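For reference, the structure discussed in these notes is given below.
Note that the structure is predicted; figures quoted are calculated from it, not measured. Quick note: numbers below take in every heavy atom, side chains included, and nothing from hydrogens, waters or symmetry partners.
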Amino acid sequence: MLVKTYSAAVMGLEATPITVEVNLTSGVNFRLSGLADLAVKESYDRIYAALPNVGFNIPQASLTINLSPADLRKEGSGFDLPIAIGILAVGRKVAEPPLKDYMMIGELGLDGTLKPVRAVLPIAIRARKEKFKGLIVPKENVREAAVVNNLEVYGMENLSDVVAFLNGSGHYEPMVVDTRKEFYDRQYTYDLDMADVKGQQAVKRALEVAAAGSHNIILIGPPGAGKSMLAKRLPSILPPLSLAESLETTQIHSVAGKLGSNVSLISQRPFRSPHHTISQVAMTGGTAKATPGEVSLAHNGILFLDELPEFNKTTLEVLRQPLEDRKITIARANYAVEYPSSFMFVASMNPCPCGYYGDPTHHCVCTPGQIQRYMSRISGPLLDRIDLHCELAAVPFAQLSQMEPGEPSATIRERVIRARQMQEARFKDCKGVHCNAQMTERMIHQFAEPDEASLNMLRMAMERLKLSARAYSRILKVARTIADLDCAEKVQSQHIAEAIGYRNLDRGDWAERGL
């Protein structure tokens with residue numbers, strides 16, 4: 001007797017339908033085929049223990065299970081549920097007709113409970129595309145899958161519930177999530193606000209420019225100047241996620257297993273802040289399962305690296321490709337997975353190892369050689385990819401003691417959104433380009449061409465600071481964003497001047513002067 005159940009395998013952000021074929025013949029053997037990894041092969045041990053604990057027995061016969069297509073690698077414990085239901089169906093414990101209508105996924109505990117698995121959202125999207133009537137998942141995953149409309153999603157606590165549902169002996173309602181309401185209700189709820197920051201008006205302006213054009217930025221200043229405090233408040237002034245961006249971001253976190261049981265859609269831009277001890281694989285993604293790394297988890301949000309020179313240099317260098325291409329490819333022996341990685345890169349660092357180089361209130365104990373070695377941990381090509389270099393000084397007591405709050409994030413965000421709307425209109429015919437930071441060289445000449453006076457100013461800066469061609473493009477992109485914040489149609493000399501002022505680390509005498 002042959003019975004088929006249906007599940008899916010996830011490769012990158014794409015799910016592939018898997019047909020679980022269970023065949024029963026006379027004998028005492030058990031065979032599992034279909035390029036299964038160790039976790040899938042161990043499913044029989046979990047099923048063998050779980051079935052008696054929920055009142056069922058393993059059929060006393062030879063079982064052959066095939067996961068089709070057989071040439072696609074199957075990973076993880078999510079195939080426990082479809083295999084168990086297939087075994088019960090060939091033993092005539094589960095009605096066979098409903099099986100063709102439902103895709104299912106879930107890990108079995110030895111007591112028959114269903115445990116959550118990762119990558120449920122891409123599987124739900126695939127189930128709808130394949131026109132399945134519904135999807136059966138562990139209860140902890142039900143809200144994640146229920147964001148997909150036109151698909152009945154059932155969250156089950158244990159194997160007995162799934163059997164009762166398929167046999168029609170229990171009443172179960174599909175989970176219904178008002179996706180749009182939950183998404184829009186949580187978009188503007190932030191625990192941190194720019195109003196909490198005292199002083200640092202120049203840095204706030206730089207962050208506003210960075211947010212308006214999605215530019216990369218680095219903050220340099222002594223300990224306690226507010227670098228981390230400002231960076232953590234940057235998400236509160238960014239434009240809200242669109243529903244399409246939210247769905248894509250949620251898929252990445254679902255594949256990585258980073259979604260909580262009460263999360264349906266990610267409604268705020270991600271803010272990832274890995275420790276400086278992070279490995280190269282954890283940053284880019286990989287491992288045996290090619291899971292997303294920090295550069296992909298920060299997609300549509302912010303990747304913040306605090307104390308940038310403390311990171312391993314090889315780890316920093318792998319950021320160059322995703323910063324430029326806004327995607328990353330993870331290659332393995334027989335397959336490759338591509339993840340999106342379009343993020344704002346935000347970094348902070350001290351000006352020297354002790355942190356007080358150039359600070360008028362503290363004495364720096366570092367030698368020139370130590371400062372040079374400290375700065376050389378960040379390569380020139382990586383710095384070239386950072387649009388804004390912003391220096392901070394310690395906030396004086398007079399500003400710290402002010403009781404009046406600063407400008408709130410909501411006010412800054414309104415200006416940022418207005419600038420982004422101008423960019424959306426400008427690039428409406430440019431596929432894949434939504435903000436100034438994503439402009440190509442041709443677009444720069446089309447939309448950010450400076451006038452004669454501005455061009456002369458830029459030429460002097462290029463010659464004096466010995467800037468690279470990439471720095472030239474970055475200056476024009478930032479100047480275009482500054483012009484958008486001013487609601488100016490053309491890039492003018494004051495916009496170029498401000499953009500040049502954000503290239504502090506390009507100055508040859510930077511390490512020889514005070515802040």
| request: Might you work through the side-chain contact (heavy atoms from CB on, under 4.5 Å) test for M283 and L303, ending with a clear yes or no? | output: CA-CA 10 Å; M283 181 69 80; L303 177 65; 4.3 Å; yes
| message | Under the criterion side-chain contact (heavy atoms from CB on, under 4.5 Å), I'd like the reasoning laid out for N141 against V153: C-alpha separation, chi angles, the key distance, then a yes or no. | response | CA-CA 10 Å; N141 292 124; V153 178; over 6 Å; no
| request: Show the numbers, then the answer: is there a side-chain contact (heavy atoms from CB on, under 4.5 Å) between L63 and L24? | output: CA-CA 5 Å; L63 287 170; L24 184 145; 4.2 Å; yes
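Within 6.0 Å of atom OH in Y172, more than 12 heavy atoms from other residues, nucleotides or ligands are found, so the atom counts as buried in its surroundings. In the displayed structure, D45 atom CG is contacted under 6.0 Å by more than 12 heavy atoms of other residues, nucleotides or ligands. K313 NZ: more than 12 foreign heavy atoms inside a 6.0 Å radius.
Among residues two or more places apart in sequence or in another chain, the side-chain hydrogen bond (donor to acceptor under 3.5 Å, both in side chains) test is passed with D80 by R46. Y190 pairs by the ring-ring contact (aromatic ring centres under 6.0 Å, His included) definition with nothing, not counting sequence neighbours. Remark: R418 pairs with no residue by the side-chain hydrogen bond (donor to acceptor under 3.5 Å, both in side chains) rule, at least two apart or across chains. With sequence neighbours excluded, no residue satisfies side-chain hydrogen bond (donor to acceptor under 3.5 Å, both in side chains) with E338. By the side-chain hydrogen bond (donor to acceptor under 3.5 Å, both in side chains) test, Q321 pairs with D325, sequence neighbours left out. With sequence neighbours excluded, the residues that form a side chain to side chain contact (heavy atoms under 4.5 Å, CB included) with E130 are P17, R126, F132. Scanning for side chain to side chain contact (heavy atoms under 4.5 Å, CB included) contacts around S33 gives N66, with sequence neighbours left out. With sequence neighbours left out, E310 forms a salt bridge (charged side-chain N to carboxylate O under 4.0 Å, His left out) with R377.
Between the CE atom of M11 and the NZ atom of K74 there is a distance of 9.0 Å, given to the nearest 0.5 Å. A distance of 5.0 Å separates CZ in R73 from CG in D37, rounded to the nearest 0.5 Å. Between Y339 atom OH and I330 atom CD1 the span is 5.5 Å, to the nearest 0.5 Å. Distance CG/L135 to OH/Y154: 11.0 Å, rounded to 0.5 Å. The line from CD of E144 to OG of S264 is 9.5 Å long, rounded to the nearest 0.5 Å. To the nearest 0.5 angstrom, K327 atom NZ is 12.5 Å from S296 atom OG.
Of all the heavy atoms in M194 and K204, the pair that sits closest is O-NZ, 3.7 Å. Of all heavy-atom pairs between L72 and A9, the closest is CD2-CB, 4.3 Å. Taking every heavy atom of both residues into account, F311 and D306 meet most closely at CE1-O, 3.2 Å. Scanning all heavy atoms of the two residues, the minimum distance from L35 to D71 falls at CD2-O, 3.5 Å. Taking all atoms of both residues into account, the shortest heavy-atom contact from E317 to S379 is OE2-OG, 2.7 Å. Closest approach of A347 and L308 over heavy atoms only: CB-CD2, 3.9 Å.
Looking at heavy atoms from C-beta onward, L67 lies in side-chain contact with V20 at the 4.5 angstrom threshold. For the pair V162 and L166, the minimum side-chain heavy-atom distance is below 4.5 Å. The shortest distance between side-chain heavy atoms of R128 and N149 falls below 4.5 Å. With contacts defined as side-chain heavy-atom distances shorter than 4.5 Å, the pair L305/L319 qualifies. Contact annotation: the side chain of H434 never approaches that of Q423 to less than 4.5 Å [non-hydrogen atoms, C-beta and beyond]. The closest side-chain heavy-atom distance from P340 to L13 is below 4.5 Å. Put simply, the side chain of Y6 reaches to within 4.5 Å of the side chain of T19, judged on heavy atoms. The shortest distance between side-chain heavy atoms of L265 and L241 does not fall below 4.5 Å.
The backbone N or O of K198 lies less than 3.5 Å from no partner atom in the side chain of Q200, so there is not a single donor-acceptor pair. Within the 3.5 Å criterion, the main-chain N or O of E245 finds a donor-acceptor partner in the side chain of T249. A donor-acceptor pair is defined here as one N or O able to donate and one able to accept, closer than 3.5 Å; such a pair exists between the side chain of D193 and the backbone of A195. Judged by distance alone, with hydrogens and angles left aside, the side-chain atoms of N312 form no donor-acceptor pair with the main-chain N or O of Q280 at under 3.5 Å. Under a 3.5 Å cut-off, the side chain of K41 and the backbone N or O of L32 do not form any donor-acceptor pair. At distances below 3.5 Å, not a single donor-acceptor pair connects side-chain atoms of S62 with backbone N or O atoms of T25.
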Report all side-chain donor-acceptor pairs from residues 86-110 shorter than 3.5 Å, counting only partners two or more places apart or in another chain.
unit_1: K100; atom_1: NZ; unit_2: P97; atom_2: O; d: 3.1
unit_1: E107; atom_1: OE1; unit_2: S77; atom_2: OG; d: 2.7

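Across N300, L259, L247, a single residue satisfies side chain to side chain contact (heavy atoms under 4.5 Å, CB included) together with I266, and that is L259.
In this structure, F30 has its ring center closer than 6.0 angstrom to the ring center of Y44.
Counting only residues at least two apart or on different chains, the side chain to side chain donor-acceptor pair (under 3.5 Å) pairs with a member in residues 111-121 are D111-T113. Residue pairs meeting the side chain to side chain donor-acceptor pair (under 3.5 Å) criterion with at least one member in residues 206-220, sequence neighbours excluded: E208-R415, H215-D387, H215-T481. The ring pair (Phe, Tyr, Trp, His ring centres under 6.0 Å) analysis of residues 224-261, with sequence neighbours excluded, yields no pairs.
Note on R426 versus D484: salt bridge recorded, some NZ/NE/NH1/NH2 to OD/OE distance being below 4.0 Å.
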